[in-house]
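Read through the structure below, which is laid out as C-alpha cells, and then see the notes.
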Amino acid sequence: MVRFTKKNFTFFVLLFIPLLLTAQKNKVYNPLRIEFQVDEGERPLDLANCGVYGNLMIYASEKLEKDTILWEFSHYDVNFELVRTSKIKLPGDIYFKKSSFSDSLAYIVLASESKKEDVKLIVVKYNLISSNYEYLVFDDKDFETFTNIVAVNQVALASYRTKNNTEQVISFNFEKDSVETVIDVDETDNSFVRFDVLGISRNFHDNGFLIFSVKNMSDNDEQMLSIHSYINGYASKYYSKMLNDSITPITASPIFTPNGQVSSIVGGYYDGELKRIRGGYNYGYKSSGTYSFNLSANVFRTYEIKQTSQDIYFLWDEAKKMKYNSSDVYVIGSEAYMPVYKTVYDVEYDYWGRPYSTQRIVLDGFSSFKCFNYVFDNQGKLLWSNSADIEGVVSTRPVKRSISIANEKEVANVSCSLDYLQYGICELFSDNVVYNRFYPKKRYKKDVVVDEDNAMIEYWYDNYYLLYGYQVVKNNSIMGKSRRYVFFMQKVALGS
C-alpha cells in the first residue's frame, strides 16, 4: 500500500435518472456513482460500509512524527454527499484492516506490521451521528495476522493469529475503557498443537456474542469444537464436542431455532492438512466442502465440493437467514479462487559482459471463478445447493467479488467484473442457472473500464448494494484525460 500522498484527490459525483432493467424477475438500476482520482498503481483509500448511515472513507494522509500518523475519516451519506471529514492522530505505523458496524457506531481496525517492535492493534469507534470518536490500543509482540472483528453496542471483539500458531480473541470495551483477553489460550500448554477461531457472530437473542473455535489436540487424533457465549464482559462455554481429526472445520456460523437458541453450526471444512495463503489479510483456506453440525442430535454431516485443481482456495460467508414457505432457512455461500502466476523475463550479464536471458515465475494476483450456495433448514439439514460461474478478473489480493441474494423463489449470484455486473439466477430446488449482465453507467458516456483491482460488491441497506474498488478508465474523447485511475463507489439496487 502506498500512503502519505500529498496530492489532493479529485472526485466526481454522478446522479442518474434511475435505469430500470427487468431480467429474470430482478430489477436493477443505478442512481449514483462517485470517483476519486488517484495516481495509477497507488491504493491509498479504504472503505468502511456503514449501512443506512453511508460509508467511511479512510485515508492515511500524513506522517506527523516517528510514531504518529494523521488519518482522515470522511463520512459520506447514502447519496455520497460528504457529511464531515474528521482528522484523527493515531500512534504507530498502522494499516487499515477491517470494519464492523453496530447501530450508528462504526468500529475500524488498524494494525501495524513492523517486525521490530510490539504490534499495535487499534480499534477506533466512530459515531456516525455526532462524528465523535475514541480509540483503544492493544500491544502484542507475538501478533502475526488480524482475522476478524464483530461489534455489538459498546463492545468490539477482534481475533488475530499469533506467531505460535494460535488465535486470540480480544475485547475492546468502550463503555469500560478497557481491553482484555476473552478466551485465554495458554500457548505453553502441550496438550494441543493449534487453536483456531472459526468465527465470531452476534447473538441477537441476548445482545451478546458467540465465539466458535476448534482446538487440535496433540495427544490423540481429535479436535475439540467449542462455542463460547460472551455477554457483559464474561465468556462462558456454551457447548463443546470432540471431532475426528480427519475433518477440520475452518469457518462456523450459527443456525438458530425460532426461540433464539443455537440448533446447528454450518461452515466450510477441509479434509487433510490445513493450508492457507499467508498475508496481511485473511486470504481464506483450502476447502473440501461445507458441513452442518446439529448440536442436540449430535449429527455431523459433510458435503463435498468436487475440485479440478489442487490450488483452489475459498472465501466463506456467514449464514444468512431468509424465509421459504413461511419457515426460516439459512443460506451460506462461498467463493472459489486461484492464485495466478506469470513469467517474468530478464536480461542479465555474465562475467565477460555478454547478455543472456533468464525467466522466473512470480505471483500475479488472485482470480475468482465460481461461487457456491447451500440452503439449510433451522435444524441444519441441507435442503438444496447450487453453483454459478464467475468471470475472473485478477486482483492483487483475494477479495470476495460475488454476493448471494435470495428470496422465497430464487437465488441470484451477483459478481462484479470490469464495467459490468454478472448475475446468475437459479430457482430454488432447480439446477438451471440463467446468466445475464448489467452495465452500470460511468462518469462519461464513452468511458471504458480496461482494468480494475480489488473491486467488490457488498450488501448496503434495504435493497441497495455497494460496488467499490479501483479502476483504470479509458476515454479517447476527453482531451488530456484519455486514461484515469480512480477509486470508485457505486450504488445499485437489486430486488424482486
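- Dense packing is recorded around NZ of K241, with more than 12 heavy atoms of other residues, nucleotides or ligands lying under 6.0 Å away.
- Residue P254 comes nearest to L210 through the heavy atom pair CB-CD1, 4.2 Å, listed as atom of the first residue, atom of the second, then distance.
- One finds the OG1 atom of T251 at 12.0 Å from the OH atom of Y269 (value rounded to the nearest 0.5 Å).
- One N or O on the side chain of S253 and one on the backbone of A319 form a donor-acceptor pair closer than 3.5 Å.
- Using modelled atom types, one finds no donor on one side chain facing an acceptor on the other under 3.5 Å when comparing Y470 with E42.
- Looking at E180 and F172, their side chains never come closer than 4.5 Å, going by heavy atoms from C-beta outward.
- Between the N55 side chain and the M57 main chain, no donor and acceptor come within less than 3.5 Å of each other.
- No side-chain heavy atom of F143 sits less than 4.5 Å from a side-chain heavy atom of T162.
- Not a single donor-acceptor pair under 3.5 Å links the side chain of Y53 to the backbone N or O of L56.
- For the atom pair OG of S100 and CD1 of I149, the computed distance is 5.5 Å after rounding to the nearest 0.5 Å.
- Heavy-atom minimum distance, V182 versus Y230: CG1-CD1, 3.4 Å.
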Next on the checklist: Under the criterion side chain to side chain contact (heavy atoms under 4.5 Å, CB included), I'd like the reasoning laid out for F369 against I312: C-alpha separation, chi angles, the key distance, then a yes or no.
Outcome noted: CA-CA 10 Å; F369 64 92; I312 299 176; 3.8 Å; yes
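- Remark: K491 qualifies as a cation-pi partner of Y464 under the 6.0 Å distance and 45° angle criteria applied to the six-membered ring.
- Using a 3.5 Å distance cut-off with no hydrogens or angles, the side chains of E167 and T147 do pair a donor with an acceptor.
- Ring geometry, F300 versus Y291: the interplanar angle falls under 30°, so the pair is classed parallel (tilted spans 30 to 60°).
- Side chains of M489 and F80 form a contact here, defined as non-hydrogen atoms less than 4.5 Å apart.
- Closest approach of N386 and C426 over heavy atoms only: ND2-CB, 3.6 Å.
- Between the side chain of E175 and the backbone N or O of V155 there is no donor-acceptor pair closer than 3.5 Å.
- Checked by atom type and distance alone, the side chain of S368 never pairs as donor or acceptor with a backbone atom of R401 at under 3.5 Å.
- By the 4.5 Å heavy-atom criterion applied to side chains, L64 and E62 are counted as neighbours.
- Remark: L383 pairs with V329, V375, D377, F429 by the side chain to side chain contact (heavy atoms under 4.5 Å, CB included) rule, at least two apart or across chains.
- Note: Y303 and Y374 fail the aromatic proximity criterion, with ring centroids not under 6.0 Å apart.
- Interatomic distance, CG of N132 versus CG of L105, reported as 10.5 Å (0.5 Å rounding).
- A distance of 8.5 Å separates CE of M456 from SG of C416, quoted to the nearest 0.5 Å.
- Side-chain polar atoms of N298 and S296 form no donor-acceptor pair below 3.5 angstrom.
- Residues T85 and S74 have side chains that bring a donor and an acceptor to within less than 3.5 angstrom of each other.
- With hydrogens and angles disregarded, no donor-acceptor distance shorter than 3.5 Å links the side chain of D317 to the backbone of S334.
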Item to check | Audit row: V214, S226, side chain to side chain contact (heavy atoms under 4.5 Å, CB included) steps and yes/no | outcome: CA-CA 6 Å; V214 64; S226 299; over 6 Å; no
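- Aromatic rings from F376 and Y330 are positioned such that their centres are separated by 6.0 Å or more.
- The neighbour count for K320 NZ, taken as heavy atoms of other residues, nucleotides or ligands under 6.0 Å away, is above 12.
- Remark: the backbone N or O of F209 is not paired with any side-chain donor or acceptor of R202 at under 3.5 angstrom.
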Item to check | CA sep, side-chain torsions, deciding dist, call: L136, V123, side chain to side chain contact (heavy atoms under 4.5 Å, CB included) | outcome: CA-CA 6 Å; L136 295 171; V123 176; 5.5 Å; no
Next on the checklist: Let's go through N454 and Y468 carefully: what are the C-alpha distance in whole Å and the side-chain angles of both, what is the deciding distance for side-chain hydrogen bond (donor to acceptor under 3.5 Å, both in side chains) to 0.1 Å, and is it a yes or a no?
Outcome noted: CA-CA 8 Å; N454 301 340; Y468 66 95; over 6 Å; no
Next on the checklist: side-chain hydrogen bond (donor to acceptor under 3.5 Å, both in side chains), that's the test. Do S159 and N148 meet it? Break it down for me.
Outcome noted: CA-CA 5 Å; S159 59; N148 197 13; 5.0 Å; no
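- Side-chain contact of Q154 with K176: a donor-acceptor pair under 3.5 Å is absent, judged by distance alone.
- In plain terms, the two heavy atoms of V266 and S292 that are nearest each other are CG1-CB, 3.8 Å.
- Side-chain N or O atoms of D139 include none that pairs as donor or acceptor with a backbone N or O of L121 at under 3.5 Å.
- A 4.5 Å side-chain heavy-atom check between Y133 and Y126 finds at least one atom pair inside the cut-off.
- In this model, no donor atom of one side chain and acceptor atom of the other lie less than 3.5 Å apart for S99 and Y107.
- In terms of modelled atom types and a separation under 3.5 Å, the side chain of S415 and the main chain of S402 share no donor-acceptor contact.
- With hydrogens and angles disregarded, a donor-acceptor distance shorter than 3.5 Å links the side chain of N49 to the backbone of Y459.
- Counting heavy atoms from C-beta on, the side chains of F372 and T290 never come closer than 4.5 Å.
- A heavy-atom distance below 4.5 Å is not found between the side chains of T181 and V169.
- The minimum heavy-atom distance linking S264 with L295 is given by the pair CA-CD1, 3.9 Å.
- Within the 4.5 Å cutoff, the side chain of V124 has no heavy atoms near those of the V109 side chain.
- The line from OH of Y239 to OG of S229 is 16.0 Å long, rounded to the nearest 0.5 Å.
- Closest non-hydrogen pair, S130 versus R84, comes out as O-NH1, 3.5 Å.
- The CG atom of L128 sits 6.0 Å away from the CZ atom of F101 when rounded to the nearest 0.5 Å.
- Ring pair Y337/W316: centre-to-centre distance not below 6.0 Å.
- Under a cutoff of 6.0 Å and an axis angle of 45°, K97 and F146 do not form a cation-pi pair.
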Next on the checklist: Determine whether I69 and L90 satisfy the following criterion, side chain to side chain contact (heavy atoms under 4.5 Å, CB included), listing intermediate values before the conclusion.
Outcome noted: CA-CA 5 Å; I69 295 174; L90 295 173; 5.6 Å; no
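- Between Y76 and F36, the ring centre distance stays below 6.0 Å.
- Counted by atom type alone, S178 and N173 present zero donor-acceptor pairs between their side chains at under 3.5 Å.
- A donor-acceptor contact closer than 3.5 angstrom links the side chains of T257 and N259.
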